[in-house]
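If you read the sequence from its start, that first residue is 1, and numbering goes on from there.
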Amino acid sequence: MVGAGVLSLPYAMSELGWGPGVTVLILSWIITLYTLWQMVEMHEMVPGRRFDRYHELGQYAFGEKLGLYIVVPQQLIVEVGVCIVYMVTGGKSLKKFHDTVCSTCKDIKLTYFIMIFASVHFVLSHLPNFNSISGVSLAAAVMSLSYSTIAWGASVDKGVQQDVQYGYKAKTTAGTVFNFFSALGDVAFAYAGHNVVLEIQATIPSTPEKPSKGPMWRGVIVAYIVVALCYFPVALVGYWMFGNSVQDNILISLEKPAWLIAMANMFVVVHVIGSYQIYAMPVFDMMETVLVKKLNFKPSTTLRFIVRNLYVAFTMFIGITFPFFGGLLGFFGGFAFAPTTYFLPCIMWLAIYKPRKFSLSWWTNWICIVFGLMLMILSPIGGLRQIILQAKDYEFYS
């Protein structure tokens, strides 16, 4: 649940400002917890049937064809988007680790670090299923807690910087507005667990007496408490210490103590290795199903080997082409995460349960839908602008 998006929260705060920033953080936490509760409830709303995939729920709510067309593209964009961002994150953290540990070494380009990070996935992608990566995901959970704590702990230790400024960094009104939009996407990106929640719930045994939603909801509550413990201190302390000069990845802003910052960056690498696999698994599943069922390929080890390696190579290539952490977060956060996290669950809820007009449930869902739609429309504009501005000075494949 704790995505690497947590590292960009101080930067998002610097573009939102204190008041709006805190409001957006808290609102997002409440709305996403609510929509997550809806997903957990809807998993087994039809007696004797379980919706183990997001698109199955979509098909039940909107109809066989329409459900697929609405949900599958959104999910694919999210999962592929996360994999691309994590390629960049892994590469940047490896580079920071190398530069911190060996400050006198020859400078190595980010491209090579992204390739090194990708090389792990050429091996890990051939693990058979979710359960086989439970060890990796446990390690990832411990790591995310650790590096979040180091991020705000080291910031407190560093203290408030001299000449710290909390105003907006952009010189023009348009720049400020676009950065604000992009920052909304950064926040949306940090709340990303909805896309795999049904797949995770599907692994919990369920009986009519003991439905899976009981233990799943307890798991969600624990996860969200941990999310709050990671996100809020990092966002608020990071911004408080560095003001608007904070980098789009807080760990890149921190230098000392060197061993601790190097360790935190290594934690990020281990975490995104696990997270990459969790988001890649459903994509592998989808690609292999289409190839075997629709295009009549013979299911074989060779097919798996080629498909999975091609996917890892594709995400690596895009990551190397656009290694802009902040811009990518803003773009994918709004374009892909806002629908699946903020408002698709609400639309499905309205379609299936049909709450009474103007009742509390009706109002709550519509407020979430409007908030989510605004996020989806505005943040990609800001994110895309940021990528274009950064790409101006960047030499591709230099």
Atom pair CD1/CD1 of Ile77 and Ile84 - distance to nearest 0.5 Å
10.5 Å
Go through His43 and Arg50 one step at a time and tell me if the side-chain hydrogen bond (donor to acceptor under 3.5 Å, both in side chains) criterion holds.
CA-CA 6 Å; His43 180 78; Arg50 297 177 75 172; 3.2 Å; yes
List the atom pairs, with distances to 0.1 Å, where a side-chain N or O of residues 118-125 and a protein N or O form a donor-acceptor pair under 3.5 Å, not counting sequence neighbours.
{"residue": "Ser119", "atom": "OG", "partner": "Ile116", "partner atom": "O", "Å": "2.4"}
{"residue": "His121", "atom": "ND1", "partner": "Gln277", "partner atom": "NE2", "Å": "2.9"}
{"residue": "Ser125", "atom": "OG", "partner": "His121", "partner atom": "O", "Å": "2.6"}

Gln201 and Asp52: CA distance, side-chain angles, deciding distance, side-chain hydrogen bond (donor to acceptor under 3.5 Å, both in side chains) verdict:
CA-CA 7 Å; Gln201 192 168 348; Asp52 294 342; over 6 Å; no
Can you label the angle between the Trp37 ring and the Trp217 ring as parallel, tilted or perpendicular, going by 30° and 60°?
perpendicular
Plane angle bin for Tyr279 and Tyr86 - parallel if under 30°, tilted between 30 and 60°, otherwise perpendicular:
perpendicular
According to a 4.5 Å side-chain heavy-atom criterion applied to Ile, Leu, Val, Met, Phe, Trp and Tyr, with indirect links allowed, do Ile221 and Met216 form part of one hydrophobic cluster?
yes
Give a yes or no answer on whether the side chain of Lys354 reaches the backbone of Ala351 with a donor-acceptor pair at less than 3.5 Å.
yes
Can you see whether Ser361 engages Tyr353 through a side-chain donor-acceptor pair at a distance of less than 3.5 angstrom?
no
State plainly whether one hydrophobic cluster holds both Val156 and Leu145, where clusters connect Ile, Leu, Val, Met, Phe, Trp and Tyr through side-chain heavy atoms under 4.5 angstrom apart.
yes
So how far is it from Leu236 CG to Met241 CE, rounded to the nearest 0.5 Å?
10.5 Å
Are Lys96 and Ser93 close enough that some pair of their side-chain heavy atoms sits under 4.5 Å apart?
no
With a 4.0 Å cut-off on N to O distance, would you call Glu41 and Lys213 a salt bridge?
yes
With a 4.5 Å cut-off on side-chain heavy atoms, are His126 and Asn309 touching?
yes
Should we say atom CE of Met374 is surrounded by more than 12 heavy atoms from elsewhere, each under 6.0 Å from it?
no
Apply the test side-chain hydrogen bond (donor to acceptor under 3.5 Å, both in side chains) to residues Tyr147 and Asn265: give CA-CA distance (whole Å), side-chain angles for both, the deciding distance (0.1 Å), then the verdict.
CA-CA 7 Å; Tyr147 70 67; Asn265 277 290; over 6 Å; no
Mind checking whether Phe181 and Phe178 have parallel, tilted or perpendicular rings, split at 30° and 60°?
perpendicular
Centres of the Tyr231 and Trp29 rings: under 6.0 Å?
no
Angle between ring planes, Phe117 versus Tyr276, binned at 30° and 60°: parallel, tilted or perpendicular?
perpendicular
